[in-house]
Amino acid sequence: MKLHKALNIDIDEINREIVNLVARDKDVPKKSQLGQSVLELINSGGKRLRPLMVIVGSRFGRKDTGRRSLQLAAAAEFIHVASLIHDDIIDDSELRRGKPALHTKTGTLSAVHIGNYMSARVIELLSKYTGDKNKYVHDLSSVATAQLCLGEYQQMEHAFDYEITMEQYLEKSLNKTALLMATCLRVGALSTESSEEVANLLYTFGEALGMSFQIQDDLLDFTQSEAVLGKPAGSDLRHGQVTLPVLYALQDPKLSPVIRAIGPDSSDAEVAHVLTLIKRSDALARAEQVSQNYLDKAGAIVQQLSSYPAHADLDTLLQYFADRDR
Ligand code: 2DE
Ligand code: MG
Ligand code: MG
Ligand code: MG
């Protein structure tokens, strides 16, 4: 079953709200390249995980605040899509979800502007909610993007850095992936006036889910074919990303020198060879275990929230993350 169905969320309503963000924009004619690109991007699929998290969060509150949760949900997707535009440029990824990445069609400069435009529109959309009483809205409208950028910066600093520590790997994964998910749940909850305590528990739940998600994403770079990934396998390794499986493989004295020999000028054959060696080691299973530990941590928080009917939705999310195709 589709995740939104299992959560009993009207995905069309969310999609309409996201499209509205562009359609309502008087400054950008829908027919312009910018307008078209944004529309195409948001219509190009995607599971709307982050908006769903906002809505699930909102079910823990005490007050119906009308369209606010829906607008926060739409904003979350906008931030995510904007970040993917930049991500594909930075990662030199030509495919996104199996289709040409935006910058391959518009050129890098236009794509950068489109990404920045989208993230600025989020601040504008949410500004109506950012009164003194609603400081939490800033966590989504601006803090979340700052965290994404910080995570990407940390990742860039450590490209081809085979001395990166586990803590540094975890910190950049937290910033580039997990904190946005955590923020979606927390902000959703605060938007319907949940208690701070519940909002913070949801934040920790989202953090754990997000960490597991990024570790799985890093594993997929090893385990999936290009057809499934929508981009060439081994991309991370080729670009010097020392992800969790690589970190574990580096602990093997036989593997370590071969991995360390990978640099920006390595041939495809050399990268493919190292990819195979890492796949044959126990590194993938160890990384998988860390992902599982995060899911267990998230599960413990669901237990703590069991007096709220919406805790069942957290279970649904958890199950979805646990079953993600590997
Ligand atoms: C996904 O990592 C991480 C995405 C965060 C990107 C954030 C950036 C700052 P992956 P996949 C670039 C955004 C800046 C803005 C909005 C102004 O592992 O495997 O590369 O899906 O993800 O490519
Ligand atoms: Mg990427
Ligand atoms: Mg990236
Ligand atoms: Mg990735």
Side-chain angles (χ1 to χ4, degrees), residues 41 44-47 49-50 77-106 108 111-112 114-116 118-119 144-161 164 166 168-181 209-249 259 262 264 271-272 274-275 278-279 283-284 287-288 290-291 294 321 324-326:
L41 276 172
S44 73
K47 299 170 291 289
L49 281 181
R50 292 151 193 85
E77 187 68 7
F78 240 59
I79 295 171
H80 174 58
V81 171
S83 80
L84 294 183
I85 298 175
H86 289 287
D87 182 64
D88 290 335
I89 296 171
I90 294 166
D91 294 345
D92 196 17
S93 254
E94 292 186 352
L95 292 171
R96 167 68 55 188
R97 299 177 185 136
K99 297 187 197 129
L102 181 66
H103 68 280
T104 66
K105 297 185 285 187
T106 63
T108 303
V112 166
I114 294 168
N116 289 345
M118 290 180 78
S119 62
T145 299
Q147 285 161 336
L148 289 177
C149 292
L150 176 65
E152 283 296 311
Y153 192 87
Q154 291 168 327
Q155 176 164 296
M156 178 193 71
E157 275 188 314
H158 290 293
F160 296 104
D161 173 11
I164 184 176
M166 180 72 81
Q168 287 166 327
Y169 165 82
L170 295 174
E171 192 191 329
K172 69 119 191 198
S173 301
L174 194 67
N175 285 324
K176 79 165 191 171
T177 302
L179 291 186
L180 177 56
M181 294 186 172
L209 220 54
M211 288 302 288
S212 152
F213 184 86
Q214 186 56 50
I215 294 169
Q216 285 301 332
D217 184 78
D218 292 345
L219 276 162
L220 289 176
D221 202 57
F222 286 89
T223 54
Q224 292 289 34
S225 63
E226 174 161 354
V228 181
L229 273 182
K231 62 178 177 185
S235 253
D236 290 339
L237 193 63
R238 149 129 317 291
H239 291 94
Q241 291 317 317
V242 183
T243 55
L244 194 57
V246 185
L247 265 175
Y248 281 130
I259 297 171
I262 298 280
V271 175
V274 174
L275 200 71
I278 295 178
K279 279 164 79 168
L284 270 51
E288 185 71 51
V290 179
S291 162
Y294 279 112
F321 275 67
R324 213 156 75 104
D325 44 337
R326 345 223 126 117

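For ligands, and for the atoms within them, numbers begin at 1 and follow the listed sequence.
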### Message
Quick check: do Leu41 and Leu84 have side-chain heavy atoms less than 4.5 Å from each other?
### Response
no
### Query
Do Asp221 side-chain atoms and Asp236 backbone N/O form a donor-acceptor pair below 3.5 Å?
yes
### Query
For Asn116, does its backbone N or O pair with a side-chain atom of Ser119 as donor and acceptor, under 3.5 Å?
yes
#### Entry: Considering only N, O or S atoms of Asp217, the one closest to the Mg ion (ligand 4)
OD2
### Task
Can you measure from CE (Met166) to OH (Tyr248) and round to the nearest 0.5 angstrom?
3.5 Å
### Query
Looking at Asp87 and Arg96, does any basic side-chain N land under 4.0 Å from a carboxylate oxygen?
yes
### Task
Take the Mg ion (ligand 3) and tell me which protein N, O or S atoms are nearer than 2.8 Å.
Asp87 OD1, Asp91 OD2
### Query
Can you tell which of Asp91, Ile164, Asn175, Val242 makes a side-chain contact (heavy atoms from CB on, under 4.5 Å) with Gln155?
Asp91
